[in-house]
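What you see is a predicted model, and the numbers here were worked out from it, not measured in a lab. Order of the sequence lines sets the chain letters (A, B, ...), proteins ahead of strands, with each chain counted from 1.
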Protein chains: 2
Amino acid sequence: MADQRLEVWCAGKDWCPITTTTTLIGRKWHPVILHRLLENGPLGFNDLKTEVDGISSKVLSDSLEDLEEKGFITRHVVNDKPVRVSYELTDLGESLEVVIFAMRDWGMEHLKPPEPT
Amino acid sequence: MADQRLEVWCAGKDWCPITTTTTLIGRKWHPVILHRLLENGPLGFNDLKTEVDGISSKVLSDSLEDLEEKGFITRHVVNDKPVRVSYELTDLGESLEVVIFAMRDWGMEHLKPPEPT
DNA sequence: CTGTATCCACAACGATACTG
DNA sequence: CAGTATCGTTGTGGATACAG
């Protein structure tokens, strides 16, 4: 169960739900990665590297590992030759949709370039 | 206007709304601070220090300064002797409600302690 | 009450190069 | 295609003490 795995993240945080959320997805690229997976379905490593503009291989690799460890995504080897993997959201990852989309919507509403008048 | 001030945060980010959002409120304590102000209205420095469990004076001070600089909160000196200030959300800060509450709700739904059965 | 001043620590990010 | 290996940098946070 997801609840069981996530128990650990609650400890010592005084049960503040905001803090626990930021602890889980508060790293620089996590929300963007999750967003791309939400919008475009399962993606390979290079697909993500293209979608997430500006990220390096190392940081993407690190981030994916962290997200997998926390139970938000799964990694599957789809093909052996050439090697091809697929990163996919778990149910827990999907459940972040409302958070990620809220961030996206806020950004779109407040950060678009000023209209020419 | 808010749009004008926020222009700067868009540049060079390839206009990804998620990235801009995380750039603005992605620091460790920002969402918690904003949440307390959303729920409890204007608060003094020590009120916040109490509400935001575990934060140090320095980090709270730094965070408030950053939030003010970005236009999410205002700081007013309410009383001179003893010194008393009031931190309050701007309209822009209030507009983050949906994001912050989404984080809170997700945290509450997924991180509560397992029920005894 | 509302901070500032130091000083330290370290996770996380970034750049570059290389591998099966 | 999907990473790993280095290695350098730094933003951010944490502890503690002190100040108007």
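In terms of position on DNA chain D, the residue among B:W29 and A:S86 whose nearest nucleotide sits closer to the 5' end is A:S86. The residue among B:P82 and A:R27 whose nearest nucleotide of DNA chain C lies closer to the 5′ end is B:P82.
Atom-to-atom, CG of A:L24 to P of C:dA12 comes out at 12 Å; the value is rounded to the nearest Å. One can place CG of B:D62 at 14 Å from P of D:dA15, the figure rounded to the nearest angstrom. Going from atom CD of A:E65 over to atom P of D:dA5 covers 11 Å, rounded to whole Å. The distance between atom CD1 of B:I55 and atom P of D:dT12, rounded to the nearest whole Å, is 14 Å. Distance NE2 (B:H76) to C1' (C:dT2): 16 Å, rounded to an integer number of Å. Taking atom CG on A:L64 and atom P on D:dC1, their separation rounds to 15 Å, with Å as the unit. In this structure, B:D53 places its CG atom 16 Å from C1' of D:dG13, rounding to the nearest Å. Atom CG of A:L60 is separated from atom C1' of C:dA12 by 15 Å (rounded to the nearest Å).
For the pair B:K28 and D:dG14, the criterion of a side-chain N or O lying under 4.0 Å from OP1 or OP2 is met. Distances shorter than 4.0 Å separate some side-chain N or O of B:R75 from OP1 or OP2 on C:dG3. Contact annotation: A:Y87 side-chain N/O to D:dG3 OP1/OP2 distance is under 4.0 Å. An OP1 or OP2 oxygen of C:dT4 is reached within less than 4.0 angstrom by a side-chain nitrogen or oxygen of B:S61.
Under the 30°/60° scheme for interplanar angles, the aromatic rings of B:F101 and B:H35 are found to stand perpendicular.
Counting only distance, with no hydrogens or angles, the side chain of A:S86 and the backbone of A:L43 share no donor-acceptor pair below 3.5 Å. Remark: side-chain polar atoms of B:T21 are paired, donor with acceptor, to backbone N or O of A:M103 under 3.5 angstrom. In this structure a side-chain-to-backbone donor-acceptor pair under 3.5 Å is present from A:S63 to A:V59.
Residue A:F45 has its side chain nearest to D:dA2 when only D:dA2, C:dG3, D:dT4 are considered.
Sequence neighbours left out, the pairs with a member in residues 83-106 of chain B that pass salt bridge (charged side-chain N to carboxylate O under 4.0 Å, His left out) are B:E39-B:R104, B:D47-B:R84.
Residue B:N46 is classed as a base contact, given a heavy-atom separation below 4.0 Å to a base. Counting non-hydrogen atoms under 4.0 angstrom, A:K58 reaches a base of the nucleic acid.
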